[in-house]
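Structure first, then comments.
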Amino acid sequence: MANPSLLILPGDGIGPEVMTEVSRIIDWFGTKRGIRFDVSEDLVGGAAYDAHGTPLHDDTMAKAQEVDAVLLGAVGGPKYDALDFSVKPERGLLRLRKEMDLFANLRPAQCFDALSDFSSLKKDVVSGLDIMIVRELTSGVYFGEPRGIIEEGNERVGINTQRYTESEIDRVARSAFDLAMKRNKKLCSMEKANVMESGILWREVVTEVGKDYPEVELSHMYADAGAMQLTRWPKQFDVIVTDNLFGDLLSDLAAMLTGSLGMLPSASLGKPMENGRPKALYEPVHGSAPDIAGQGKANPCACILSLAMALRYSFDLGDEATRLEEAVEQVLADGVRTADLLNVEGATPATTSQMGDAVLAALDASL
Ligand code: IPM
Ligand code: MG
C-alpha cells in the first residue's frame, strides 16, 4: 500500500523554521517507528506571492486537495501589508480552508503543568486546563456576501455579512458533539442570539442537533459572556462550539490562558474523502511572528503538536500522537524553554532547533 501523503506548506515568518523541526520529527517516525509518509513541500502566503504573484498557486491548491493531510506553518508579514487585499498572504490560507471545505476547526487550549506559572492568570485557575474550541471555519462573516467597500452619497461604507445556513451550523455542531462524546460530554455553544438573527438560528440548530446526543450536557452562552467566563473560570468548559469570527477571538483568548500561544496546535477538518480520512489541514494557532523570524527564537512546539493532531485525526495513530505529546510535555518538565516560555531574567533560552533536539531525544527515550 502507498504511504499516506503529506503536503508541507511552511509559509512565512517563523513558519519555515518551526516546520524544519517538524520535518525532523516526521523523519524520526519513519526511521524509528516505520511510519512513513510521502512528503511534498510547496509555497503559501507571502512566499507564494513572491514566487508566483499569488498567495496560493492553483497547482498547490490542487495538490492540497489530493493529499491525505496538509501541514501549514504560518502566513503573513509586514512586507505584504501594502498588497492588494485579493493577494494578501492570508487569502492563501482562507482559500485552502474554503476550497477544501474545512468547516470544523479544532483548537485545543491545554495548560501544560510545567507552564502553569506562566499564564497571566492565577495558577489554580489554569492548572490542568484542557478545553477544546470548535470554530466554524468556512462561512460566517469571513465569507458572507455582500462584502466590500462601496460609495454611498459622499462617503465610503465597509460591508461584511454574517451568514449561516442551517446545514452549515448542523455539520459543525455534529463535529463538536462527536468530540464532546469522546471527552467529558459537555458542550457550550456561543453566539449572540440577543442581537443577531444568525445567532438565533445557530442556537436553534445546535439545540436540535443536541437531541441526537442525549448524553452530552449542552449549554448556550452569549459570546461576550463566554469571553468573560473563559477568563474567570475556564475549567468550567469542556468543548465550546462557535462561529468563525467569535471562534477567531475566543480561541486566541483561550490560547493565552495557557501561558503561550507558542504551544497550541489546531486541526481543520472537512468531509471524509474516499479513503475515509477527513480532508484536513493542521497548523499552529500562532502567526508568522515576523519580529523574531529567522533568528532561531521561535517555539516549534505548536507546529510539532499539530503533527500530533494529524497522527490522531488523519492517520488513526492515536498512540503515536500521544507519544509525541508526551515527549513535548517531558521536554517542558525537564525545563527546556524557548524564549516565549521564559520569564526569568538572565536565563538563556533554547533555540528553535535545540527545542527540536530535545523533543527528538525524548522520543528516543520513549522507545
Ligand atoms: C487564525 C488567523 C486567521 C484568521 C488569519 C491569518 C486569516 O487569525 O487562523 O486564527 O483570522 O482566521
Ligand atoms: Mg486568529
Side-chain angles (χ1 to χ4, degrees), residues 8-29 71-78 107-121 123 126-127 129-130 251-266 282-310 321 323-366:
I8 292 191
L9 302 173
D12 307 322
I14 61 171
E17 48 200 294
V18 295
M19 200 58 91
T20 299
E21 303 313 309
V22 174
S23 295
R24 294 169 70 202
I25 288 168
I26 292 172
D27 291 344
W28 185 91
F29 276 102
L71 265 177
L72 187 138
V75 295
R107 297 191 165 186
Q110 202 193 337
C111 185
F112 293 85
D113 273 348
L115 300 179
S116 54
D117 277 331
F118 205 77
S119 172
S120 50
L121 298 189
K123 190 169 175 158
V126 292
S127 72
L129 179 71
D130 179 5
S251 63
D252 263 22
L253 191 161
M256 205 56 215
L257 295 178
T258 69
S260 173
L261 212 51
M263 290 302 303
L264 295 174
S266 77
Y282 300 87
E283 58 177 317
V285 170
H286 64 67
S288 59
D291 51 321
I292 59 161
Q295 301 169 35
K297 287 186 183 166
N299 181 355
C301 288
C303 207
I304 290 172
L305 292 171
S306 300
L307 173 66
M309 288 189 94
R323 178 193 299 281
L324 182 51
E325 287 159 355
E326 285 176 357
V328 171
E329 262 180 78
Q330 185 58 49
V331 163
L332 295 177
D334 292 344
V336 186
R337 299 275 186 279
T338 42
D340 58 311
L341 306 176
L342 264 185
N343 47 6
V344 187
E345 196 104 0
T348 312
T351 63
T352 309
S353 62
Q354 283 166 346
M355 187 57 120
D357 292 343
V359 174
L360 286 167
L363 281 171
D364 276 335
S366 77

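Note that the structure is a prediction, hence the values are computed from the model and not measured.
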Is there side-chain contact between [X] and [Y], with at least one heavy-atom pair below 4.5 Å?
X	Y	value
Met263	Leu341	yes
Ile8	Ile26	yes
Leu363	Leu324	yes
Met309	Pro108	yes
Leu305	Gln110	no
Glu329	Leu115	no

Can you measure from [atom1] ([X]) to [atom2] ([Y]) and round to the nearest 0.5 angstrom?
X	Y	atom1	atom2	value
Phe118	Leu342	CZ	CG	7.0 Å
Leu307	Leu71	CG	CG	6.0 Å
Leu121	Ser127	CG	OG	11.5 Å
Ile304	Met19	CD1	CE	10.5 Å
Phe112	Leu129	CZ	CG	11.0 Å
Asp252	Leu264	CG	CG	10.0 Å

Using every non-hydrogen atom in the two residues, find where Ala321 and Ala308 come nearest and quote the distance to one decimal.
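Heavy-atom minimum between the residues: CB-O, 3.2 Å.
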
Specify the closest pair of heavy atoms between Pro349 and Thr338, including all atoms of both residues, with the distance to one decimal.
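Minimum heavy-atom separation between Pro349 and Thr338: CB-C, 4.0 Å.
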
Of Thr351, Ile25, Val18, the residue whose pairing with Pro300 passes side chain to side chain contact (heavy atoms under 4.5 Å, CB included):
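The option that passes is Val18.
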
Checking the side chain of [X] only, and the main-chain atoms of [Y] only, is there a donor and an acceptor separated by less than 3.5 Å?
X	Y	value
Asn299	Cys301	yes
Glu17	Gly294	yes
Ser119	Ser116	no
Thr20	Pro16	yes

Under the side-chain contact (heavy atoms from CB on, under 4.5 Å) rule, what do Met355 and Thr352 come out as? Steps first, then yes or no, please.
CA-CA 5 Å; Met355 187 57 120; Thr352 309; 5.9 Å; no

Would you sort out whether Glu21 and Val359 count as a side-chain contact (heavy atoms from CB on, under 4.5 Å), showing the intermediate values?
CA-CA 9 Å; Glu21 303 313 309; Val359 174; over 6 Å; no

Result block: side-chain N/O donor-acceptor pairs under 3.5 angstrom for residues 282-291, not counting sequence neighbours:
{"unit_1": "Tyr282", "atom_1": "OH", "unit_2": "Ser314", "atom_2": "N", "d": "3.3"}
{"unit_1": "Tyr282", "atom_1": "OH", "unit_2": "Ser314", "atom_2": "OG", "d": "2.7"}
{"unit_1": "Glu283", "atom_1": "OE2", "unit_2": "Arg97", "atom_2": "NH2", "d": "3.3"}
{"unit_1": "Ser288", "atom_1": "OG", "unit_2": "Gly76", "atom_2": "O", "d": "2.8"}

Those residues that, when tested against Arg107, pass side-chain hydrogen bond (donor to acceptor under 3.5 Å, both in side chains) (two or more places apart)
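Counting only residues at least two positions away or on another chain, Arg107 forms a side-chain hydrogen bond (donor to acceptor under 3.5 Å, both in side chains) with Asn105, Ser251.
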
Using a strict threshold of under 4.0 Å (side-chain N to carboxylate O), is an ion pair present between Asp340 and Lys297?
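Not counted as a salt bridge, because no side-chain N and carboxylate O are separated by less than 4.0 Å.
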
